[in-house]
Amino acid sequence: MKDIRLQEIITLAYRIFLAFFFYQIVRFLFWFFNKDLIKIDSFSDYLSLAYHGTAFDSTGILYVNSLFILLSLLPIIINTKKYYQKFLFWLYFIMNGIAYGMNFGDFVYYKFSQARLTTAALHVAKHENNLGKVFIASVFEHPFVIFWFVVLMFSWTYLYKKVKVREMKPQNRWIYFSSSIVTLCITAVLVVGGIRGDFKHSTRPINLVDANRFVKNPMQANVVLNSTFSFFRTIDTNNFEEVHFVDDQFIHDNIHPYKIYLRENVEPKPNIVIFILESFAKEYSGAFNKNTKIKDFVSYTPFFDSLATKSLIATNAFANGRQSIHGMSSVLAGIPSLTDAFTGSPYANQKIQSIVSVTNELGYDTSFFHGAPNGSMGFLGFGNILGFKHYYGKTEYNNDADFDGIWGIWDEPFFQYFARTLDRKKSPFMATMFSVSSHHPFKIPEKYRGKFRKGPLEIHEPIGYTDYSLKKFFETAEKMPWYSNTIFVFVADHTNQVAYPEYEKAMNRYAVPILFFSPNPKYNLHGEITEPAQQMDIYPTLADLIGYNKPIRSWGRSLVSADKNYMVVNSDSIQNQFMIGNYIYRFDGKEVTGIYDIADRNLEKNLMEKVNSPEIKKGILLCKAWYQDYMDRVINRKLD
């Protein structure tokens with residue numbers, strides 16, 4: 001039995017457990033020293049936050065201890081020798097001591113940043129030459145930080161030494177090596193799962209925004225997090241940096257970061273229902289391609305096309321991001337994703353004005369629906385930041401018979417659940433539905449095999465299924481009393497597979513449909529918007545329609561106002577892209593690197609030689625001014 005190395009495995013588990021134990025202690029101390037900034041109502045609430053923080057502790061601890069774990073289990077015969085165990089001791093405490101110390105810095109640092117330590121601190125630090133002095137001054141001003149660090153590290157080393165590995169020599173080397181390999185493989189799987197946050201196919205590795213899934217207010221997310229996690233998760237993900245190209249007056253006069261739309265007598269307030277449709281690109285819908293002149297165009301959305309005939313539609317609209325969570329921030333809060341996504345940045349956890357906060361202010365009931373496992377895509381966490389009062393996911397649906405086996409509840413039954421749940425709410429309400437079924441691997445329920453047009457792309461059939469699910473939703477909803485005074489919005493989160501060369505073009509890879517519909521004629525939601533529009537325009541449009549007669553922070557524009565000046569923003573993750581007036585601009589954060597005619601959607605002919613054109617000169621300034629304002633508001637937490 002000793003050749004299976006049970007004592008080494010048990011001792012390793014004990015040593016990793018100690019890390020979890022001491023991370024919980026430092027979590028409590030972090031909160032204790034910042035309890036005036038982070039309000040927790042009860043002891044049970046704190047225990048809940050600490051419990052959920054274990055997932056984030058797992059990521060940080062396993063990042064730091066991966067090498068230690070590997071060297072503890074490698075079958076190299078000398079593992080139990082005293083000198084090898086002493087080597088492991090020093091490796092363990094050097095790595096963990098550095099990582100653990102990050103959390104103590106946040107005892108003080110949090111009061112200034114109101115955010116956990118991230119790699120953004122390194123970016124700030126590189127511009128300073130007095131860090132040594134600052135550190136020494138901080139130590140003298142806050143000696144309790146050093147005191148607790150020393151006490152806890154001493155306690156940690158004491159407990160570590162209480163369980164030792166006895167020196168042993170393998171008797172049966174075949175058993176020794178084979179059992180070690182099996183143990184290593186199992187451990188590797190567990191470590192990868194721990195670093196990701198879980199083993200589910202439907203969830204990406206947990207990020208800072210996910211801490212908001214478990215809190216009553218966004219500030220409590222900092223208790224769920226730990227500084228080791230937040231630092232490692234933001235390595236190579238933070239290119240946010242304040243810049244200065246123009247003066248504030250230029251931004252005020254040309255970017256108009258605050259807008260106000262005055263509309264009288266919007267009573268009773270309309271309900272708002274927003275459908276963010278997974279991968280529901282403009283390319284798949286006939287109503288949005290009447291003017292594209294694509295030969296033999298085929299539509300996969302018959303219901304959506306029919307709804308468009310009695311709606312206000314934007315047929316030249318674009319996504320402001322590349323992923324589902326980017327779509328959520330763009331549509332609901334008017335915040336696009338540039339080369340680095342705002343939602344994955346160190347700055348996501350802040351107060352944000354959005355259609356959620358605006359409707360909350362007006363007394364709306366606000367809710368978010370997503371049929372995937374709760375927390376998938378980061379929606380629950382970001383939804384809590386925005387201030388949704390209710391979240392309905394796979395857990396609340398509570399019927400796995402309708403689970404597609406990979407992503408979530410099939411659209412048709414979940415859309416019906418959506419309608420029934422809305423029928424129990426008091427008007428006015430604002431509800432957002434994020435669909436799931438038009439997602440890779442592009443399956444549909446078995447009972448609908450052969451019902452929907454397949455087309456040349458795998459996604460075409462599930463797009464038809466989601467369209468059918470929308471039809472069934474409306475058949476149910478139009479019988480309900482809330483329906484007649486509701487504004488419906490439909491938009492894709494991003495695009496997906498491409499069949500037509502027109503949509504292979506660089507800018508058209510972001511082409512999405514935007515549709516506003518209401519059975520109430522007083523909102524006059526009819527016609528076609530042909531000038532460029534974007535997901536960010538949805539929030540100000542809705543604020544306008546419901547009569548929110550106060551300033552809103554928005555980089556978009558109301559599509560039902562007289563404002564026709566557009567500035568469409570997105571990024572290909574390498575550079576940022578702006579559509580302004582007659583041109584498309586590529587901007588790297590410092591300089592405009594490419595200028596293209598607005599019709600050159602494939603960005604084939606760079607017009608940089610025409611920079612003397614007055615319009616282009618102004619366009620370059622507008623790109624820089626917008627970027628300056630974006631960075632200022634995100635970094636300095638001025639998104640409310």
Side-chain angles (χ1 to χ4, degrees), residues 239-260 314 316-321 330 334-340 342 505-511 529-537 540 553-559 561-636 638-639:
N239 289 319
F240 288 80
E241 180 180 9
E242 287 189 76
V243 293
H244 185 79
F245 301 117
V246 299
D247 58 34
D248 292 342
Q249 191 61 46
F250 184 90
I251 291 174
H252 178 271
D253 294 342
N254 294 276
I255 303 303
H256 308 296
Y258 287 93
K259 299 174 175 67
I260 186 167
N316 194 15
F318 299 87
N320 296 116
S330 300
I335 304 174
S337 286
L338 305 185
T339 52
D340 286 343
F342 165 76
K505 295 178 179 178
M507 293 305 296
N508 286 346
R509 292 292 290 140
Y510 301 86
I529 301 165
T530 57
E531 63 268 13
Q534 59 192 323
Q535 291 170 329
M536 288 199 299
D537 295 334
R553 188 271 317 148
S554 172
W555 290 303
R557 63 190 175 94
S558 169
L559 298 175
S561 73
D563 182 8
K564 304 300 180 185
N565 294 315
Y566 56 84
M567 182 182 290
V568 174
V569 183
N570 55 39
S571 171
D572 62 0
S573 83
I574 300 173
Q575 292 199 35
N576 308 304
Q577 302 169 147
F578 295 83
M579 301 178 75
I580 307 172
N582 294 307
Y583 298 96
I584 300 168
Y585 301 82
R586 295 264 294 171
F587 179 67
D588 66 4
K590 295 180 180 179
E591 299 293 340
V592 168
T593 61
I595 304 169
Y596 306 86
D597 188 272
I598 193 72
D600 184 6
R601 296 297 170 84
N602 208 30
L603 309 182
E604 294 176 330
K605 187 178 180 181
N606 197 332
L607 305 176
M608 285 294 289
E609 72 276 6
K610 297 181 67 175
V611 293
N612 289 325
S613 159
E615 181 182 350
I616 289 179
K617 281 185 174 181
K618 178 70 173 292
I620 291 173
L621 274 179
L622 289 173
C623 292
K624 292 183 174 182
W626 186 95
Y627 188 82
Q628 176 179 320
D629 189 59
Y630 174 88
M631 288 298 171
D632 174 44
R633 293 186 183 282
V634 169
I635 294 171
N636 294 310
K638 298 190 292 187
L639 292 173

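Sequential numbering from 1 along the given sequence is applied to the chain's residues.
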How far apart are the closest heavy atoms of W555 and G334, and which atoms are they?
CE3-O, 3.5 Å
Hey, mind stepping through D600 and I584 against side chain to side chain contact (heavy atoms under 4.5 Å, CB included) and telling me if it holds?
CA-CA 8 Å; D600 184 6; I584 300 168; 5.7 Å; no
Closest approach of R557 and N565, non-hydrogen atoms and distance?
CD-O, 3.4 Å
Any side-chain heavy atom of E615 within less than 4.5 Å of one from Y583?
yes
Do side-chain atoms of K259 reach the backbone of S554 as a donor and acceptor pair under 3.5 angstrom?
yes
Going by heavy atoms in the side chains, are D597 and N582 under 4.5 Å from each other?
no
Restricting to non-hydrogen atoms, name the atom on I620 and the atom on Y585 that form the minimum distance, rounded to 0.1 Å.
N-CE2, 4.0 Å
Under 3.5 Å, is there a donor-acceptor pair between the Q628 and D632 side chains?
no
Checking Q534 side chain against V569 main chain: does a donor-acceptor pair fall under 3.5 Å?
yes
Decide yes or no for N316 and I529: does some side-chain heavy atom of the first lie under 4.5 Å from some side-chain heavy atom of the second?
no
Just so I know, are the side chains of Y630 and F342 near enough to count as touching, which here means a heavy-atom distance under 4.5 Å?
yes
State the CH2-CZ distance between W626 and F587, to the nearest 0.5 angstrom.
10.0 Å
How far does CD1 of I580 sit from CG of L621, to the nearest 0.5 angstrom?
10.0 Å
Side-chain heavy atoms of H252 within contact of D248, under 4.5 Å
no
Using modelled atom types and a 3.5 Å cut-off, is there a donor and acceptor pairing between side-chain atoms of N320 and backbone atoms of N570?
no
What are the two closest non-hydrogen atoms of P336 and S330, and how far apart are they?
CA-OG, 3.6 Å
From CG (L622) to CD1 (I251), nearest 0.5 Å
10.5 Å
Check: R601 side chain, K505 main-chain N or O, donor-acceptor pair, under 3.5 Å
no
Heavy-atom pair of closest approach, residues G589 and V243:
O-CG1, 4.2 Å
Could you tell me the separation between the SG atom of C623 and the CD atom of Q577, rounded to the nearest 0.5 Å?
11.0 Å
Taking all atoms of both residues into account, what is the closest heavy-atom pair of R553 and Y258, and its distance?
CB-CE2, 3.6 Å
Expected output: side-chain E242 to main-chain I635 donor-acceptor under 3.5 Å
no
More than 12 heavy atoms of other residues, nucleotides or ligands under 6.0 Å from NZ of K605: yes or no?
no
Taking side-chain hydrogen bond (donor to acceptor under 3.5 Å, both in side chains) as the criterion, tell me which of D588, T339, T593 meets it with Q575.
T593
Does V568 reach the side chain of M507, with side-chain heavy atoms less than 4.5 Å apart?
no
Okay, side chain of Y510, backbone of S571: is any donor-acceptor separation there less than 3.5 Å?
yes
State the CZ-NZ distance between F578 and K624, to the nearest 0.5 angstrom.
11.5 Å
To the nearest 0.5 angstrom, please state how far the CG atom of L607 sits from the CD1 atom of I616.
6.0 Å
Would you say E604 and N602 are linked by a side-chain donor-acceptor pair, where the criterion is simply a distance under 3.5 Å?
yes
Checking the side chain of N606 only, and the main-chain atoms of M608 only, is there a donor and an acceptor separated by less than 3.5 Å?
yes
